[in-house]
Colleague: 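Have a look at this one.
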Amino acid sequence: MNATESELRQRVRTLLKESGLFRSTNFDHRTTANSIDSPMLLESDGFALFFEVSDLLENEINGSAVRGRIFRSMKQFESIVSERYGIFVAPVISSNIAESLRQGIWYEEDKAISVRILPITVEQFAKLLKIGRNENSLLELTILRCLRYTFFDGPTWKIYIEQIIDRAHKESLFSNSKNSY
Amino acid sequence: MVKVTLLSTSRQEAAEGEPVRRHAAQLTQDYRSRNKDVFTIFIASTVNTNTAETLRIGSWYLPDDTRIGVQVIPLSILQFHQLIKSRISRQADIGPAFWESLFLRCLSYSNLDAPAWKNKINQILQDAA
């Protein structure tokens with residue numbers, strides 16, 4: 001049975017809390033508007049992550065809506081945090097949502113604005129947080145490495161995301177074991 | 001890899017657009033087996049917008065139509081000089097991790113059109129300087 005969206009959001013919250021990655025004062029996943037559906041926001045040193053979580057199946061996800069909502073949330077924080085990334089979490093990432101997000105542009109009065117959103121599965125998200133926990137500086141770097149491959153098509157980009165997160169996860173485990181000696 | 005040109009007009013794109021991507025693709029392939037990413041800095045007195053447009057697409061196709069992603073960041077000599085000078089003077093990190101993060105940050109905005117991308121690169125470099 002598929003998890004409901006609220007269950008998924010709760011799982012994401014739990015993973016975030018367990019990671020202990022973010023400063024406690026900024027840890028509250030406060031919504032960026034007074035709506036329960038607004039993206040969650042999390043700030044760390046020098047960058048912020050904006051989360052969208054969906055339990056919807058492939059054809060039901062509206063990529064434009066995801067980009068628009070994350071863009072509006074990011075905009076509220078542009079004077080506070082310069083580096084802002086969107087993280088779209090779903091049980092399965094469809095190639096169509098990846099295709100929509102990889103283009104990463106939102107038009108505001110015909111001005112193109114780059115909205116950088118990484119689509120990942122819940123499992124990949126858990127790994128991403130482990131990467132940050134083992135080697136803090138690798139978290140943002142891994143997101144950037146994934147975003148680098150948006151010039152490939154949606155299905156290929158998904159493969160790169162999987163490989164990059166796996167590689168960084170191994171790298172962070174190695175780094176963590178080195179530090180423990 | 002660092003590529004430098006003295007050209008600055010639209011000749012820059014004609015003379016450098018193809019060789020820069022081809023060399024970058026070759027190195028990318030060479031280093032793939034070692035699991036290393038390759039970044040190319042393209043330095044010119046002025047970066048022509050058409051060159052930036054060619055580089056931001058970041059692709060090179062092999063004869064069998066396999067697409068190789070090339071990571072090229074176009075910088076002016078002034079931008080490069082100011083960045084290095086400023087970071088050295090304040091003893092800031094200029095090690096590989098700094099460069100990788102800087103390049104990836106610039107490349108993550110390559111979905112913008114060339115003029116906007118050039119502006120974004122300039123802004124990122126100023127923040128890092």
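In what follows, chains carry the letters A, B, and so on, assigned in the order in which the sequence lines appear, proteins first and then strands, with residues in each chain numbered from 1.
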Colleague: Between B:Gln123 and chain A, with a heavy-atom cut-off of 4.5 Å, which part of the residue counts as in contact: side chain, backbone, both or neither?
Modeller: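 For B:Gln123, no heavy atom lies under 4.5 Å from chain A.
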Colleague: For atom CD1 of B:Ile88, decide whether the heavy atoms of other residues, nucleotides or ligands shown that lie under 6.0 angstrom number more than 12.
Modeller: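 Check passes, neighbour count above 12.
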Colleague: Is A:Trp106 reachable from A:Phe77 through a run of hydrophobic residues whose side-chain heavy atoms are each under 4.5 Å from the next?
Modeller: yes
Colleague: Under 4.5 Å heavy-atom distance to chain A, tell me which part of B:Asn35 shows up: side chain, backbone, both or neither.
Modeller: both
Colleague: Crowded around B:Phe98 CZ? As in, over 12 foreign heavy atoms under 6.0 Å?
Modeller: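 Count over threshold, so yes.
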Colleague: Mind checking whether B:Met1 and B:Val70 sit in one hydrophobic cluster, side chains of I, L, V, M, F, W, Y counted as touching below 4.5 Å?
Modeller: no
Colleague: Show me the pairs that pass salt bridge (Lys or Arg N to Asp or Glu O under 4.0 Å) and involve residues 55-76 of chain B, at least two apart or across chains.
Modeller: B:Glu53-B:Arg56
Colleague: Could you report the tightest heavy-atom contact between A:Phe151 and B:Ser59, atom names first, then the distance?
Modeller: CD1-OG, 4.3 Å
Colleague: Please round to the nearest 0.5 Å and tell me the distance separating atom CZ of A:Arg145 and atom OG of B:Ser101.
Modeller: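 Reported value, rounded in 0.5 Å steps: 10.0 Å.
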Colleague: At a 4.5 Å cut-off on heavy atoms, which part of A:Tyr149 comes close to chain B: side chain, backbone, both, or neither?
Modeller: side chain
Colleague: Between A:Ile143 and chain B, with a heavy-atom cut-off of 4.5 Å, which part of the residue counts as in contact: side chain, backbone, both or neither?
Modeller: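 Neither part.
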Colleague: Inspect the surroundings of CZ in B:Arg11 and state if more than 12 heavy atoms from other residues, nucleotides or ligands are less than 6.0 Å away.
Modeller: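 No.
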Colleague: Quick check on A:Arg167 against chain B: is it the side chain, the backbone, both or neither that has a heavy atom closer than 4.5 Å?
Modeller: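 Answer is side chain: those atoms of A:Arg167 sit under 4.5 Å from chain B.
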Colleague: Working to the nearest 0.5 Å, report the span between SG of A:Cys146 and CG of B:Leu104.
Modeller: 10.0 Å
Colleague: Is there a donor-acceptor pair under 3.5 Å between the side chain of B:Arg105 and the backbone N or O of A:Glu83?
Modeller: no
Colleague: Grouping I, L, V, M, F, W and Y whenever their side-chain heavy atoms are under 4.5 Å apart, do B:Tyr31 and B:Trp99 come out in a common cluster?
Modeller: no
Colleague: How far apart are the closest heavy atoms of B:Asn111 and A:Ser114, and which atoms are they?
Modeller: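 That closest heavy-atom pairing would be OD1-OG, 3.0 Å.
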Colleague: Report whether A:Ile164 and A:Leu141 are members of the same hydrophobic cluster (ILVMFWY, side-chain heavy atoms less than 4.5 Å apart, transitive linking).
Modeller: yes
Colleague: Should the pair B:Glu100-A:Arg148 be classified as a salt bridge under the 4.0 Å nitrogen-to-oxygen rule?
Modeller: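 No salt bridge links B:Glu100 with A:Arg148.
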